[in-house]
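Input: a single structure, listed below in structure tokens.
All heavy atoms count here, side chains included; hydrogens, waters and symmetry mates do not. A note on names: the letters A, B, ... follow the listed sequences, proteins ahead of strands, and every chain is numbered from 1.
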Amino acid sequence: MIFEWNTMLPILGKAIAETFQMISIALVFTIIFGLLIGILLVATDEDGLYDAPLGSRRLGVLVHGVLGFVVNIGRSLPFIILMVVLIPFTRVAVGTSIGPIAASVPLSIAAIPFFARLVEISLREVDSGLIEAAKSLGATRRSIVRNVLLAEARPSIVLGLSTSVISLLNYSAVAGTIGAGGIGDMAIRYGYQRYDNAYLVTTIVILIVVVQLVQIVANRLARRLSHR
Amino acid sequence: MISITDLHKSYPPRKASGRPVQALRGVSLEVADGEIYGVVGTSGAGKSTLIRCVNLLERPTSGRITVAGRDLTTVSEGELRTARHGIGMIFQHFNVLSSRTVQQNVEFGLEITGVPRAARRIRSAEILELVGLGDRASAYPSQLSGGQKQRVGIARALAGNPKVLLSDEATSSLDPETTEQILDLLKTLNAELGLTILLITHEMEVVKRICDSAALIEGGRIVESGKVIDLLNTPGSKIAHALFPLGESHGTPGNTVIEIMYAGHLADDPIVARLSREFGIDVNILGAAVEFVSDKRVGRMRLELPGDLARNEAPIALLRESGLFVEAPAVNAE
């Protein structure tokens, strides 16, 4: 195994940039929609803050049921299958099914339900007494979501987010096999198909380092946010 | 200040086959302006449901709740939120936000009502000083003791100057010493701010120490209520018995056992000595309790007088004449 840095570095640099791009885009959507769905799942559940939207408990049950079902579908499909199934949708959404930007579509759709469930778990951990206290002060539901639910669950949500980022990294390598680019693609093409172990080893080292860093940063941040 | 009329609350059955749970079965009570009113009862008696109905954290099945002249059961959600600004509440488990400092916790209610930042600062500093936490404003709740957390809860509840404070077992998770301190604080706030306090508790000690009025709740019904002093002079009052347990000693058969209650200045009267002197009888004290109830010295005593009831009519009459309450003298069976 020979590390030919002169040829490898440009390829590596491009691959890392592509991976970074697809994960960043997916992460933005994951945070926005994951939080939103996670909050809705908790709020529309029985005795939740919005268990009867527009005064109708039936609507609450419906929203909760549909969201739960959709999230479960997203969670039950293996990423490689989800990605293939989504190709027509991706084409419509971003105009192409190839490259890192196209890959960010299935990545988002896989990571959103995953993160939404983690957000849901975090929010459920918040003591219902705190919500009651806020209500007794005359807080609006919106204020309770922001100042009680999200504020109290913040450390736990940060840890959930790091788990989601690591999953995204994992998915992004899979996406590489059908034309997304990135380090997964590099490892398969150069490492597997050309039997160049230097690329495989480099990829592995990079992934291990990145995952460790993500986890360390998240743990520190969570600890700083937590005043329990 | 708080008027509750024929309040019912039932919960739907947990299982489809089950029966609905009747937590409150027609509760009525009146809390006067500026008084401390204690509702006592064992767990499951419905007291927690009752207090949570007052600010509609729990929506009653039927009945009316009026706070400061306003019927809360008929107002819209927005009006209810406004009404809640005038009703503070404190909790058994404090329920302070762990993500906020002491000061931020206290300011939470003020943020909700849209008080500007500078005014919030001033008000939170003021109220924290009042509850004795002036120096812990920037601490997080995790750095505080239980009693201090409850002080934060109290400060938060009172920051918006409510007229009424609801206390849901506020001292039940505190040790006896801290309980006393918190009760003293509530008493002070009641006196200084003219705050009306409705509290629920399972601890008779709380009633004894700070309550002007009390009610006993059993099985979702109020079985007894009134001024604590009056209750002590009420025959067969369960609250009086619970406040002053006299033990299980019931004397010797053939003798007369009476229970007397006394309140205020009468408590200083050496009645037992008088009985002995004036009638030449040996009075046996089977049980006695003398304590301060909302700053008045009150007591209960169970006395055994020799001979049957007929022989003791004169001593009992003397006790009654001197203004003491003498409860149901019973002749012990032979």
Between the CZ atom in B:F108 and the CG atom in A:L130, the distance rounded to the nearest 0.5 Å is 9.5 Å
If you take all heavy atoms of A:H227 and B:S99, which pair is closest and at what distance? CD2-O, 4.2 Å
Taking atom CZ of A:F89 as the centre, report whether more than 12 heavy atoms of other residues, nucleotides or ligands fall under 6.0 Å from it. no
Can you tell me how far apart OG1 (B:T113) and CG (A:L137) are? Round to the nearest 0.5 Å. 9.0 Å
Got more than 12 heavy atoms from elsewhere within 6.0 Å of CD1, A:I101? no
Quick check: closest heavy atoms across A:G138 and B:H85, and the distance to 0.1 Å? O-NE2, 3.6 Å
Whether B:N95 side chain and A:G129 backbone form a donor-acceptor pair below 3.5 Å: yes
Any carboxylate oxygen within less than 4.0 angstrom of a Lys/Arg side-chain nitrogen, looking at B:E77 and A:R141? yes
Side chain from CB out, backbone as N, CA, C, O: work out which of these in A:D127 comes under 4.5 Å of a heavy atom of chain B, or both, or neither. side chain
Going from NZ on A:K135 to CD1 on B:I112, what distance comes out if it is rounded to the nearest 0.5 angstrom? 12.5 Å
Does A:F29, at its CZ atom, have more than 12 non-hydrogen atoms belonging to other residues, nucleotides or ligands within less than 6.0 Å? no
Using a cut-off of under 4.5 Å on heavy-atom pairs, state which of A:A139, A:S136, A:A134 scores highest against chain B. A:S136
Can you say whether A:S226 sits under 4.5 Å from chain B via the side chain, the backbone, both, or neither, judging by heavy atoms? neither
Is it true that, when you exclude A:R57 itself, more than 12 heavy atoms of the residues, nucleotides or ligands shown sit nearer than 6.0 Å to its CZ? yes
Between A:N147 and B:E111 the two heavy atoms that sit nearest each other are OD1-OE1, 4.5 Å
Can you pull out the residues in residues 32-66 of chain B with any heavy atom less than 4.5 Å from chain A? B:R52, B:N55, B:L57
